Amino acid sequence: MSVYSKSELKEMGFSDIGDNVHISRKASFYGCENISIGNNVRIDDFCVVSAGIGGIKIGSFIHIAVYTSLMGRDLIKIDDFANLSARVSVYSSNDDYSGSTMSNPTVPDDYKNVTHGPVLINKHVIIGCGSVILPNSVLSDGVVIGALSLVEGECTPWSVYAGLPIKYVKQRKQDLLELEQLLIRSSGQ
């Protein structure tokens, strides 16, 4: 994967960019001035990161896999050690599909009813391939979302969910928290 150099990333105009950031030259970014990226981040080919006024905040030790999209007007925050698998879609804005109003970005706002809400993806969250995260969702620490799932609302910490819409599956172990501390001590973070 061909990635941008540190100097090229600085020239893109991100609000903040950390160290050891590997972003594919085939990824697309919009609203860079509203995007911050921590340390040890990898963003793969064909990802689309489009920040509105709420911004997109990507923590440290984050992987965003191929064809994933982060978009919307409101805040999208991805905390440390999270992993978004291929083709994940995270939306902080959503059209009204009821038929009461029109939709799509070519229609003036007066004819639409777009809603907005933050999306918070906390520490150690894993989101499986093909999942969709809707506005006003909170994926608490340690949450796992199975592949091809639809998330709307709040998920209980250290829980596994899957389905369309998601359903609770089981609790997740927290042993990895010890490994996190070892990694932080060894890397000087």
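Keep in mind that this is a model prediction, so the values were computed, not measured.
- Atom CG of L75 sits about 11.0 Å away from atom CD1 of I53, to the nearest 0.5 Å.
- Y91 and I121 fall into different hydrophobic clusters, where Ile, Leu, Val, Met, Phe, Trp and Tyr side chains are chained together by heavy-atom contacts under 4.5 Å.
- Hydrophobic clustering of Ile, Leu, Val, Met, Phe, Trp and Tyr side chains at less than 4.5 Å, counting indirect connections, unites Y4 with I17.
- Note: K57 NZ to I78 CD1 = 12.0 Å, rounded to the nearest 0.5 Å.
- Judged by distance alone, with hydrogens and angles left aside, the side-chain atoms of N113 form no donor-acceptor pair with the main-chain N or O of T101 at under 3.5 Å.
- For the pair I58 and I43, the minimum side-chain heavy-atom distance is below 4.5 Å.
- Ring pair Y161/Y168 is perpendicular by interplanar angle, where above 60° counts as perpendicular and below 30° as parallel.
- Distance alone, capped at 3.5 Å, places no donor-acceptor pair between the S149 side chain and the G128 backbone.
- In this structure a side-chain-to-backbone donor-acceptor pair under 3.5 Å is missing from S93 to M71.
- At least one donor-acceptor pair closer than 3.5 Å links the side chain of S92 to the backbone N or O of D74.
- The structure places OG of S187 at 7.0 Å from CG of N40, a figure rounded to the nearest 0.5 Å.
- Side-chain heavy atoms closer than 4.5 Å link hydrophobic residues (I, L, V, M, F, W, Y) into clusters, and following such links, possibly through other members, connects M12 to I76.
- Between atom OG of residue S100 and atom NZ of residue K112 there is a gap of 15.5 Å, rounded to the nearest 0.5 Å.
- Environment of CD in E152: sparse, with no more than 12 heavy atoms of neighbouring residues, nucleotides or ligands closer than 6.0 Å.
- Between C47 and A65, the shortest heavy-atom distance links the atoms SG-O, 3.0 Å.
- For the atom pair CG (N39) and OG (S60), the distance works out to 4.5 Å, reported to the nearest 0.5 Å.
- Shortest non-hydrogen contact noted between G146 and S131 is O-OG, 3.0 Å.
- S28 places no side-chain N or O within donor-acceptor distance of the main-chain N or O of V48, the cut-off being under 3.5 Å.
- No side-chain heavy atom of I62 sits under 4.5 Å from any side-chain heavy atom of D79.
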| request: List the steps and the verdict of side-chain contact (heavy atoms from CB on, under 4.5 Å) for D96 and V114. | output: CA-CA 6 Å; D96 178 350; V114 179; over 6 Å; no
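- No more than 12 heavy atoms of other residues, nucleotides or ligands lie within 6.0 Å of CE in M102, so this atom counts as exposed by the packing criterion.
- Looking at E8, its side chain does come within 3.5 Å of a backbone N or O of S5 through a donor-acceptor pair.
- In this structure, L177 and W158 have side chains that are in contact, with non-hydrogen atoms separated by less than 4.5 Å.
- The two atoms that bring L134 and V119 nearest to each other are O-CG2, 3.6 Å, heavy atoms only.
- Neither side chain, S137 nor E154, offers a donor N or O lying under 3.5 Å from an acceptor on the other.
- Closest approach of L9 and I23 over heavy atoms only: CD2-CD1, 3.7 Å.
- In this structure, the side chains of L139 and I145 come closer than 4.5 Å at one or more pairs of heavy atoms.
- Side-chain contact between R185 and L183 is absent, with no heavy-atom pair separated by less than 4.5 Å.
- By the 4.5 Å heavy-atom criterion applied to side chains, V125 and D141 are not counted as neighbours.
- G31 and A51 get closest at one heavy-atom pair: O-CB, 3.8 Å.
- Distance alone, capped at 3.5 Å, places no donor-acceptor pair between the D95 side chain and the S103 backbone.
- Judged by distance alone, the side chains of E180 and H124 do bring a donor and an acceptor atom under 3.5 Å apart.
- Hydrophobic clustering (ILVMFWY, side-chain heavy atoms < 4.5 Å, transitive): F81 and I127 are in distinct clusters.
- The closest donor-acceptor contact from the side chain of S186 to the backbone of L182 lies under 3.5 Å.
- Annotation: side chain of L84 is not in contact with side chain of I133 (no heavy-atom distance under 4.5 Å).
- The aromatic rings of F29 and F14 lie perpendicular to each other, with more than 60° between the two planes, well past the 30° mark.
- With rounding to the nearest 0.5 angstrom, the NE2 atom of H22 is 12.5 Å from the OG atom of S2.
- Hydrophobic clustering places V41 together with I35 (ILVMFWY residues linked when any side-chain heavy atoms are closer than 4.5 Å, directly or through intermediates).
- Checked by atom type, the side-chain pair D44/S24 shows no donor-acceptor distance below 3.5 Å.
- By the neighbour-count criterion of 12 heavy atoms within 6.0 Å, atom CZ of R172 is densely surrounded, having more than that number from other residues, nucleotides or ligands.
- Between the side chain of K6 and the backbone N or O of G18, at least one donor-acceptor pair lies under 3.5 Å.
- Looking at I166 and L150, their side chains never come closer than 4.5 Å, going by heavy atoms from C-beta outward.
- Between L70 and I56, the closest heavy-atom pair is O-CD1, 3.8 Å.
- Residue Q181 places its CD atom among more than 12 non-hydrogen atoms of other residues, nucleotides or ligands, all under 6.0 Å distant.
- Side chain of N104 to main chain of T106: a donor-acceptor pair is present (N/O by atom type, distance under 3.5 Å, no hydrogens or angles).
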